[in-house]
S.K.: 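My questions will all concern the structure given below.
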Protein chains: 2
Amino acid sequence: MFATPESAESAFYMAFEARNLDAMMAVWASHESIVCIHPLVAPLNGRVAVAAGWRSIFEAAGQFRTQVELVHEIRDADQVIRVVREYLVIGQETTPRPPILATNIYRKDADGWHIVLHHASPLQVGGSSPSDRTTPVLH
Amino acid sequence: MFATPESAESAFYMAFEARNLDAMMAVWASHESIVCIHPLVAPLNGRVAVAAGWRSIFEAAGQFRTQVELVHEIRDADQVIRVVREYLVIGQETTPRPPILATNIYRKDADGWHIVLHHASPLQVGGSSPSDRTTPVLH
């Protein structure tokens, strides 16, 4: 039971780090309209596909840590949209990989807050830091 | 005035194709919490930054056409989240570029439906079609 979107988000990234599928799926809403978009691949819709996606990531991944930084938020009474930068530190490496940008949408239901959408995508950083880059490229 | 999220979305992609900044900004909600994420670059927050981003795209782009395909939808009374594939056909080319995946969030307000969030990111297609790829990579 997550009392705030922030506690749902913490649980999401803790489950990700722990590669714990049950903990991860406990953060997702129980309805079938959930959608999870991992970097560069097609969307996964519904709990079965979302769980299969995380299972495949958790099986493939070694140990890593995550740092998450809030970039932007649209906050309403029963929904919070959070755009975050995810930094992954893999294994014994000391510096994080180039960041991933994620849009996370949390909804409040009878059982507290759950995630309903996760859209993660790479940030192409090159020589400059991501926050320095404001010139978008053509879609 | 857009009476449905679908008409707001049509106007969004028509403004994109027409490289018409006024038409594009008419589709965006008038509040400052809007956020626009173009592929691979940092988020743009608020109307001034969102408009600057589109201006820079429109100035750089030649002629192109868009094809948009709905992938997934989360539909509520006053909000619709649409995950779409965007196919761009540039200039005189006959086949579309590799698709872009976008999460578009529309909200209903006193003036009808407007977009409040656009998160676009590349789909890495390689040899297979995007819909064939369901194995996500580690973030």
Side-chain angles (χ1 to χ4, degrees), chain A residues 16 31 33-46 49 52-54 56-58 60-62 64 66 71-76 79 81 83 85-86 88 90 97 99-103 105 107 116-117 119-126 129-139, chain B residues 16 31 33-46 49 52-54 56-58 60-62 64 66 71-76 79 81 83 85-86 88 90 97 99-103 105 107 116-117 119-126 129-139:
Chain A
F16 184 30
H31 53 78
S33 65
I34 59 171
V35 54
C36 184
I37 302 169
H38 295 290
L40 303 176
V41 293
L44 303 171
N45 308 142
W54 287 112
S56 124
I57 283 180
F58 294 161
F64 64 91
T66 59
V71 179
H72 187 71
E73 195 175 49
I74 305 179
R75 207 167 180 98
D76 293 286
Q79 178 183 276
I81 302 170
V83 178
R85 283 201 192 87
E86 305 174 348
L88 264 69
I90 312 275
R97 298 293 177 102
I100 293 291
L101 192 69
T103 295
I105 305 181
R107 292 269 180 97
V116 297
L117 179 143
H119 180 166
S121 63
L123 267 171
Q124 203 175 57
V125 288
S129 84
S131 51
D132 293 339
R133 294 178 59 93
T134 52
T135 308
V137 295
L138 181 62
H139 281 210
Chain B
F16 183 30
H31 54 79
S33 64
I34 59 171
V35 54
C36 184
I37 301 169
H38 295 290
L40 304 176
V41 293
L44 303 171
N45 308 141
W54 287 112
S56 125
I57 283 179
F58 294 161
F64 63 92
T66 59
V71 179
H72 188 70
E73 195 176 49
I74 305 179
R75 208 169 178 97
D76 294 286
Q79 179 184 275
I81 302 170
V83 178
R85 284 201 191 88
E86 306 173 349
L88 264 68
I90 312 276
R97 299 294 177 101
I100 293 291
L101 193 69
T103 295
I105 306 181
R107 293 268 180 96
V116 298
L117 179 142
H119 180 165
S121 62
L123 267 171
Q124 203 175 59
V125 288
S129 83
S131 51
D132 293 340
R133 295 178 57 92
T134 52
T135 309
V137 296
L138 181 62
H139 280 212

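Note that the structure is a prediction, hence the values are computed from the model and not measured. Order of the sequence lines sets the chain letters (A, B, ...), proteins ahead of strands, with each chain counted from 1.
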S.K.: What part of B:I105 lies closer than 4.5 angstrom to a heavy atom of chain A: side chain, backbone, both or neither?
M.R.: side chain
S.K.: Mind checking whether B:H72 and A:I37 have side chains closer than 4.5 Å, heavy atoms only?
M.R.: no
S.K.: Which value, rounded to the nearest 0.5 Å, describes the distance between B:I74 atom CD1 and A:L117 atom CG?
M.R.: 5.5 Å
S.K.: Check B:L123 against A:A42 and note the closest heavy-atom contact, atom names and distance.
M.R.: CD2-N, 3.5 Å
S.K.: For chain B, which candidate among A:N45, A:V116, A:I34 shows the most heavy-atom pairs at distances under 4.5 Å?
M.R.: A:N45
S.K.: Against chain B, label A:V71 side chain, backbone, both or neither, depending on which of its atoms sit under 4.5 Å from a heavy atom there.
M.R.: both
S.K.: Roughly how far, to the nearest 0.5 Å, is the CD1 atom of B:I81 from the CD atom of A:Q79?
M.R.: 5.5 Å
S.K.: With rounding to the nearest 0.5 Å, note down the distance linking CG in B:D76 to OG in A:S33.
M.R.: 8.0 Å
S.K.: If you count heavy-atom pairs under 4.5 Å with chain A, which of B:H31, B:H119, B:E73 comes out on top?
M.R.: B:H119
